[in-house]
There are 2 protein chains.
Amino acid sequence: MSIDGQLPPKARLLRAAAELLANSGGSAVSTRQITQLAGVTAPTLYHHFGDKEGLFDAVVAAGFDDYVAGERDFAPSGQPLEDIRRMWDNHVQFGLKQPELYLVMFGNIRPESRPAIVADAEALMEEMLNKAAVSGQLNVPPKEAARSILAANVGVTLMLIAEKAPARNLELSAMTRDAMIFAVSAEQARSNESDDTGKSSVVVAAIALNAALQASHSDQLSSSELKLFLEWLHRISTSSNS
Amino acid sequence: MSIDGQLPPKARLLRAAAELLANSGGSAVSTRQITQLAGVTAPTLYHHFGDKEGLFDAVVAAGFDDYVAGERDFAPSGQPLEDIRRMWDNHVQFGLKQPELYLVMFGNIRPESRPAIVADAEALMEEMLNKAAVSGQLNVPPKEAARSILAANVGVTLMLIAEKAPARNLELSAMTRDAMIFAVSAEQARSNESDDTGKSSVVVAAIALNAALQASHSDQLSSSELKLFLEWLHRISTSSNS
DNA sequence: CCAGTTCATATAGCGTTGCTATAGGTGCTA
DNA sequence: TAGCACCTATAGCAACGCTATATGAACTGG
């Protein structure tokens, strides 16, 4: 059995690796399996991809395109926080639909080495959170919010993948998701406003202004002024609130 | 160099494996390295531990004792939710102090196979949450709460481990922790009365920030900084630019 | 139309991995 | 002292990631 379309060997290697990975059930996939299924010998693999990790990176890159497509393909609802919610669900669905690929993407953790894909996913979420920040719905700087939400999102997805399929309880995901979104949303700040000096609304406004200024370069301030202004904004918006 | 105490070979293997693992920096540790450092040959390892995974399980079991000790050793504060908070922090600290061991314990995820240690950690947290539930401080069944919190806890810890040590920001942990604990606590004073216009622009945000800053003086900026800051805010907020 | 160059694939094999079939030594009990 | 578990060592297998080297194919300049 081999993948003998008229595709070039490089594409056959990619396809073979993806297929074997998807059916590996979590156990390792050897280069010999891949090259045999692709109908190719070892040096071809290393010629095109450098090493095994390079090949898997390429598979992951293709998988990430699917991931991004899923994260973007729904129409923005006009309610950024609702979009974040769907982003979370889409992330979990992606992980459960292709667990092995997901594990290569997000489960292959090593100390002090951050996979590029995590940064990409984080940027994607930060981008979405920026919209929420601009409309004053965020309690926390988008960057920190994105990191925090993504960390919880990955944690939940990994936990679900580790469970046996019939026992996977998506309530775990929904509950954690809502907890995280509520925590970064400005709703919470409002509910706490009674016993507060009102500083939290300062923070929310500062975060919104910060996001908006960076999105559309204002010509009201010179570049040097803007730089200093943004630095102060950052100090305000990262100050503790609550 | 070898571990040549008068310890029996089994203990020497355990010690050698733990030491090599701790210094591996995330890369794989071979049985040959371990047996050589222990001053023993291969069959000895397999006689005592069955296979490599068995040896690592034994190392993990020892590490888990440390983990449990850390999770239990603080006196119960009488405020169960506060204890959960410290449990979370202790979990993160454990992960950051021994990243490689932590990765073997919690980062070695495979589809449909739940490591026993995760169940143990979950039981530990559920036990603590039970106390909160008894005193009516819980919004959610302890079991679900434990799963959810642990998932987020692991997610955050993995994310922090993946970062370069100097860049690790524990705010990420604190924020996620509080979000999760608040979400399962009964103290939620929900106010779903947010009817935001969602139309905030730079100008609107600047006006809001301006007003808020004057109402309650922020201590993030010096008075001279604040004066200039407010002047710039005025320039922005009086512009007709969106 | 051919020589030269570059790209792509194959043959064969190196060093390392986890693991084991087999045998030998050691100490206890009968 | 004989027998018997228990423990450890010698030697080596199959599979792994990877590569030095060689061969073929396709394009390019003269």
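Chain letters run A, B, ... following the sequence lines, proteins first and then strands; every chain starts at 1.
Across dA10(C), dC18(D), dC19(C), the shortest atom-to-atom separation from the side chain of Pro43(A) is found for dA10(C). The Val40(A) side chain lies nearest to dA10(C) when the options are dC18(D), dA10(C), dC19(C).
In summary, Glu19(A) and Arg12(A) do not engage in a salt bridge, as defined by a charged side-chain N under 4.0 Å from a carboxylate O.
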Going through the checks in order, is the salt bridge (Lys or Arg N to Asp or Glu O under 4.0 Å) test met by Glu144(A) and Arg147(A)?
-> CA-CA 5 Å; Glu144(A) 270 92 54; Arg147(A) 288 167 44 73; 5.8 Å; no
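Ring centers of Phe182(A) and Phe182(B): under 6.0 Å apart, within the cut-off.
Counting to the nearest Å, the P atom of dT10(D) and the CD atom of Gln36(B) are 13 Å from each other. Rounded to whole Å, atom C1' of dC14(C) lies 13 Å from atom OH of Tyr46(A). The nearest whole Å value for the distance from the CZ atom in Phe49(A) to the C1' atom in dC7(C) is 16 Å. Rounded to a whole Å, the CZ atom of Arg32(A) is 15 Å from the C1' atom of dA10(C). dC18(D) atom P lies 8 Å from atom CG of Leu45(A), rounded to whole Å. Taking atom NE2 on His48(A) and atom C1' on dA10(C), their separation rounds to 13 Å, with Å as the unit. Regarding Phe56(B), its CZ atom lies at a distance of 12 Å from the P atom of dT17(C), rounded to whole Å. Residue Leu55(B) contributes atom CG, which lies 14 Å from atom C1' of dC19(C) at whole-angstrom precision.
Nearest-nucleotide assignment on DNA chain D puts the 5′-proximal partner with Pro9(B), out of Pro9(B) and Glu53(A). Nucleotides of DNA chain D nearest to Val29(A) and Ala42(B) differ in position, and the one nearer the 5' end is that of Ala42(B).
Listed pair His47(B) / dC7(D) meets the phosphate criterion, a side-chain N or O lying under 4.0 Å from OP1 or OP2. Remark: Thr44(A) is in phosphate contact with dA10(C), judged by side-chain N or O atoms under 4.0 Å from OP1 or OP2. Between Ser30(A) and dA15(D) there is no side-chain polar atom (N or O) within less than 4.0 angstrom of OP1 or OP2. An OP1 or OP2 oxygen of dT9(C) is reached within less than 4.0 angstrom by no side-chain nitrogen or oxygen of Thr41(A).
Within the 4.5 Å cutoff, no side-chain heavy atoms of Gln93(B) are placed close to those of Trp88(B).
Of the N and O atoms on the side chains of Ser148(B) and Thr176(A), at least one donor lies less than 3.5 Å from an acceptor on the other residue.
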